[in-house]
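A short worksheet on the structure shown next.
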There are 2 protein chains.
Amino acid sequence: MNAGVADGRRYGELCPIALGLDVIGHRWALLIIRELFAGPKRFTDLEQGLPGIGSSVLAARLRQLEHQGLLTRHQLPRPAPAVVYRLTPRGAALEPVMVDLAGWGAIYLMGGDKDLARRGRWLLQAMSAAAGPPPDGIQTVNFVLDGEESHVRVIGGRLAARDGLGRDVTTEVRGSVHDLYQVAIAPVRSAAASGGFEIEGEREAADRMLDHLITGFQQAAESWRSKA
Amino acid sequence: MNAGVADGRRYGELCPIALGLDVIGHRWALLIIRELFAGPKRFTDLEQGLPGIGSSVLAARLRQLEHQGLLTRHQLPRPAPAVVYRLTPRGAALEPVMVDLAGWGAIYLMGGDKDLARRGRWLLQAMSAAAGPPPDGIQTVNFVLDGEESHVRVIGGRLAARDGLGRDVTTEVRGSVHDLYQVAIAPVRSAAASGGFEIEGEREAADRMLDHLITGFQQAAESWRSKA
DNA sequence: CGGAATCCTCTTCGATACTG
DNA sequence: CAGTATCGAAGAGGATTCCG
């Protein structure tokens with residue numbers, strides 16, 4: 001919280017980049033933030049979304065990030081004896097950094113090894129970040145990918161992917177994580193409806209959403225290819 | 001260079017943020033990039049600009065970043081038996097990430113401990129990043145801060161700070177690093193000419209540049225304060 | 001002198017086991 | 001469920017040495 005106070009190793013430079021990295025430059029820190037961008041989470045949810053993290057490292061990072069004011073611990077009130085972690089505005093202010101980093105790192109999605117962990121929501125986050133402002137009237141769509149639930153909605157004029165199903169959402173896309181990666185990464189633009197996606201509810205709303213996500217991602221990919 | 005191939009520890013996730021961090025998430029990596037944004041540098045220049053880095057870590061990072069296509073080694077041709085490191089387009093494509101991170105981390109400049117290392121160019125980079133597009137007709141200005149030479153010029157419609165004096169630049173600002181930090185960080189907007197800066201050449205050009213840098217930085221600081 | 005490799009110590013990480 | 005305890009392995013910091 002206090003300026004310049006960071007746990008762990010610091011760079012010791014009066015430079016905004018170095019000072020920022022003192023806070024979010026430690027291993028796993030930014031990925032914890034990524035998880036919390038999808039909504040508040042419990043300790044075990046985070047472990048689940050960060051394959052390979054050790055519980056002690058996760059606990060240490062959460063303590064540190066809380067201490068620095070990027071997230072808060074909430075004791076859930078009644079029936080559930082649970083603690084949830086939630087981003088503060090200061091943590092949420094990392095959004096542009098995350099979006100740019102996702103854009104920069106997206107070219108590594110192509111050719112990614114076969115044995116990398118995959119989550120549907122990671123890809124939905126990436127596609128939402130890559131896609132520009134959505135057309136007016138686009139509606140929230142639920143996704144169930146390999147049984148994992150998420151939804152994509154408009155927040156602040158841009159698309160954002162969140163965990164869990166949105167309430168009062170009447171459109172749902174079901175399919176496999178693998179297929180979504182295929183559709184997104186494939187150099188050839190596949191028709192939105194082409195994949196093995198099963199759509200429930202308003203097919204037109206689902207198509208609009210899928211089309212915007214895929215088109216935006218593909219166009220971004222195109223521009224990376226030409227620049228790199 | 002190849003997708004997903006990173007030296008050292010990897011996250012093993014098919015997510016653009018995790019894959020990006022596999023490349024630039026290691027300690028010192030982003031600060032090496034920051035140094036190279038100011039122009040090509042030799043090994044010892046980098047050591048000088050990264051106080052506390054070990055020579056073996058620096059050598060390892062340079063090897064890794066070269067291998068991944070973010071920078072290149074150049075054998076300088078004739079008289080100097082020197083090697084310079086230079087960003088590739090892929091490395092330079094990190095600019096938006098750096099700018100956003102500098103913006104996010106800038107609030108930690110206020111209240112920074114007294115014993116942090118300071119460099120005039122770090123602050124000039126930060127101010128250039130914070131300041132919006134400069135007015136038409138702004139001219140490149142040289143800075144000599146505590147004997148350290150840099151210059152600020154327009155690149156791609158925005159200000160950018162580089163190491164060394166610009167050639168054919170007729171305006172020079174001289175002063176101390178400490179004073180520039182004071183002027184930038186002070187909550188009260190000090191008049192550009194107020195500090196102990198000595199201006200040589202076209203005073204008006206220097207004032208325009210200082211005014212734009214300081215005003216831009218202060219306005220950015222204001223918006224951080226209100227948001228956080 | 002620039003550009004490292006080597007050696008040593010210390011910290012951090014990853015994995016597993018354990019506990020309120 | 002939400003962490004803490006522990007321990008071997010990997011990475012980082014610092015100094016010294018080496019080589020062209």
Side-chain angles (χ1 to χ4, degrees), chain A residues 6-13 18 21-32 35-36 40-67 71-86 115-117, chain B residues 6-13 18 21-32 35-36 40-67 71-86 115 117 163:
Chain A
D7 317 29
R9 256 200 267 264
R10 285 188 289 163
Y11 286 112
E13 301 182 356
L21 289 174
D22 284 343
V23 176
I24 54 154
H26 300 278
R27 190 162 167 82
W28 296 108
L30 225 40
L31 296 186
I32 293 172
E35 290 300 301
L36 293 180
K41 291 222 164 359
R42 291 171 305 170
F43 191 91
T44 29
D45 299 334
L46 288 167
E47 269 184 311
Q48 217 274 334
L50 300 165
I53 197 173
S55 56
S56 61
V57 171
L58 177 55
R61 284 290 170 281
L62 289 172
R63 229 177 295 124
Q64 174 201 345
L65 293 172
E66 181 191 9
H67 179 236
L71 53 85
T72 51
R73 277 171 58 100
H74 281 271
Q75 196 81 31
L76 277 197
R78 297 308 331 294
V83 177
V84 295
Y85 296 89
R86 186 188 304 273
D115 57 346
L116 298 177
Chain B
D7 316 30
R9 259 199 264 264
R10 285 189 288 162
Y11 286 111
E13 301 182 358
L21 289 174
D22 284 344
V23 176
I24 54 156
H26 300 280
R27 191 164 164 81
W28 295 108
L30 224 42
L31 296 185
I32 292 172
E35 290 300 299
L36 292 180
K41 293 224 163 1
R42 291 171 305 172
F43 191 90
T44 28
D45 299 333
L46 288 167
E47 268 184 310
Q48 217 274 333
L50 300 165
I53 197 172
S55 60
S56 61
V57 172
L58 177 54
R61 284 290 170 278
L62 289 172
R63 231 178 292 122
Q64 174 201 346
L65 293 172
E66 182 192 8
H67 179 237
L71 54 82
T72 51
R73 280 170 56 100
H74 281 271
Q75 196 80 30
L76 277 196
R78 296 307 335 296
V83 176
V84 296
Y85 298 87
R86 184 189 304 273
D115 58 346
D163 273 323

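Proteins get letters first, then strands, A, B, ... in listed order; numbering begins at 1 in each. Nothing here was measured: the structure is a model prediction, and the numbers come from that model.
Under the rule for a side chain to side chain contact (heavy atoms under 4.5 Å, CB included), the partners of B:Thr72 that lie at least two apart in sequence or sit in another chain are B:His74, B:Arg86, B:Thr88. Qualifying salt bridge (charged side-chain N to carboxylate O under 4.0 Å, His left out) partners for B:Arg42, counting only residues two or more places apart in sequence or in other chains: B:Asp45. For B:Glu13, the side chain to side chain donor-acceptor pair (under 3.5 Å) test picks out A:Arg34, with sequence neighbours left out. In this view, B:Arg73 and B:Tyr85 satisfy the side chain to side chain donor-acceptor pair (under 3.5 Å) rule, not counting sequence neighbours.
In plain terms, the two heavy atoms of B:Leu46 and B:Glu35 that are nearest each other are CD2-CB, 3.7 Å. When all heavy atoms of A:Leu71 and A:Leu62 are compared, the pair lying nearest together is CD1-O, 3.8 Å. The two residues A:Leu65 and A:Ile32 have their closest heavy-atom pair at CD1-CG2, 4.2 Å.
Listed candidates were D:dG3, C:dG2, D:dA12. Nearest to the side chain of A:Arg9 is D:dA12.
A:Ile24 CD1 to A:Gln64 CD: the interatomic distance, rounded to the nearest 0.5 Å, is 11.0 Å. Remark: B:Tyr11 OH to B:Leu21 CG distance equals 5.5 Å, nearest 0.5 Å. Here the straight-line distance linking atom CG of A:Leu31 with atom CG of A:Leu50 works out to 6.5 Å at 0.5 Å rounding.
End-to-end axis angle of the helix from C:dC1-D:dG20 to C:dG20-D:dC1, from C1' rotation axes over five pairs per end: 30° (rounded to 10 degrees).
In this structure, B:Leu46 places its CG atom 12 Å from C1' of C:dG2, rounding to the nearest Å. Atom NE2 of A:His26 and atom P of C:dT12 are 9 Å apart (whole Å). In this structure, the CD atom of B:Gln64 is 10 Å from the P atom of D:dG11, given to the nearest Å. Separating the CG atom of A:Asp22 from the C1' atom of D:dA12 is a distance of 15 Å, rounded to the nearest angstrom. A straight line from CZ of A:Arg73 to C1' of D:dA2 spans 8 Å, rounded to a whole angstrom. For the pair A:Phe43 CZ and D:dC1 P, the computed distance is 12 Å after rounding to whole Å. The distance between atom CZ of A:Arg63 and atom C1' of D:dA2, rounded to the nearest whole Å, is 12 Å. Regarding A:Trp28, its CH2 atom lies at a distance of 6 Å from the P atom of C:dG14, rounded to whole Å.
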When you compare the protein's N or O atoms with those of nucleotides 17-20 of chain D, which come within less than 3.5 Å of each other, and at what distance?
none

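Within residues 49-62 of chain B, the residues approaching DNA chain C are B:Ser55, B:Ser56, B:Ala59, by heavy-atom distance under 4.0 Å.
Using a 4.0 Å cut-off, no side-chain N or O of A:Tyr11 falls inside it from OP1 or OP2 of D:dA12.
The closest side-chain heavy-atom distance from A:Val83 to A:Phe43 is not below 4.5 Å.
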